[in-house]
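Everything on this sheet refers to the single structure shown next.
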Amino acid sequence: MDFRFPSTNQSKHCFTRYVEYHKCVSVKGQEDSDCDKYARYYRSLCPSEWIERWNEQRESGTFPGPL
């Protein structure tokens, strides 16, 4: 990681925030304000195509991450 380019390759952070959001929702519920920050994080970092694909994978039970 080159700290001169902080926005380069944020894919790990994107994936982590997506997983954290869904873990939070499963524990606290979708209306909890604590989960909103994770939603804002992953929505700002992740391309919408990835989010759509991960949502489809979660629905079909094939998501590769720990939820």
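Heads up: numbering here begins at 1 and tracks the sequence.
Counting only residues at least two apart or in different chains, salt bridge (charged side-chain N to carboxylate O under 4.0 Å, His left out) contacts with residues 46-57 are absent. Under the salt bridge (charged side-chain N to carboxylate O under 4.0 Å, His left out) criterion, the residue pairs touching residues 13-26 are Arg17-Glu20, with sequence neighbours excluded. Within the structure, side-chain hydrogen bond (donor to acceptor under 3.5 Å, both in side chains) pairs that include any residue of residues 24-34 comprise Lys28-Asp34 (at least two apart or interchain).
For Asn55, the side-chain contact (heavy atoms from CB on, under 4.5 Å) criterion is met by Tyr18, His22, Ile51, Arg58, not counting sequence neighbours. Partners of Ser44 by side-chain hydrogen bond (donor to acceptor under 3.5 Å, both in side chains), not counting sequence neighbours: none found. Residues passing the ring pair (Phe, Tyr, Trp, His ring centres under 6.0 Å) test with Phe15 are Trp54, Phe63, sequence neighbours excluded.
Here the closest non-hydrogen pair linking Gly29 and Cys35 is O-SG, 4.0 Å.
Summarising the geometry, atom CG belonging to Leu45 is positioned 6.0 Å from atom CD belonging to Gln10; distances are rounded to the nearest 0.5 Å.
Under a hydrophobic clustering in which Ile, Leu, Val, Met, Phe, Trp and Tyr are joined whenever their side-chain heavy atoms come within less than 4.5 Å, directly or via other members, Trp50 and Tyr42 fall into the same cluster.
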* Going through the checks in order, is the side-chain contact (heavy atoms from CB on, under 4.5 Å) test met by Lys37 and Arg40? -> CA-CA 5 Å; Lys37 67 179 178 180; Arg40 284 193 307 272; 3.6 Å; yes

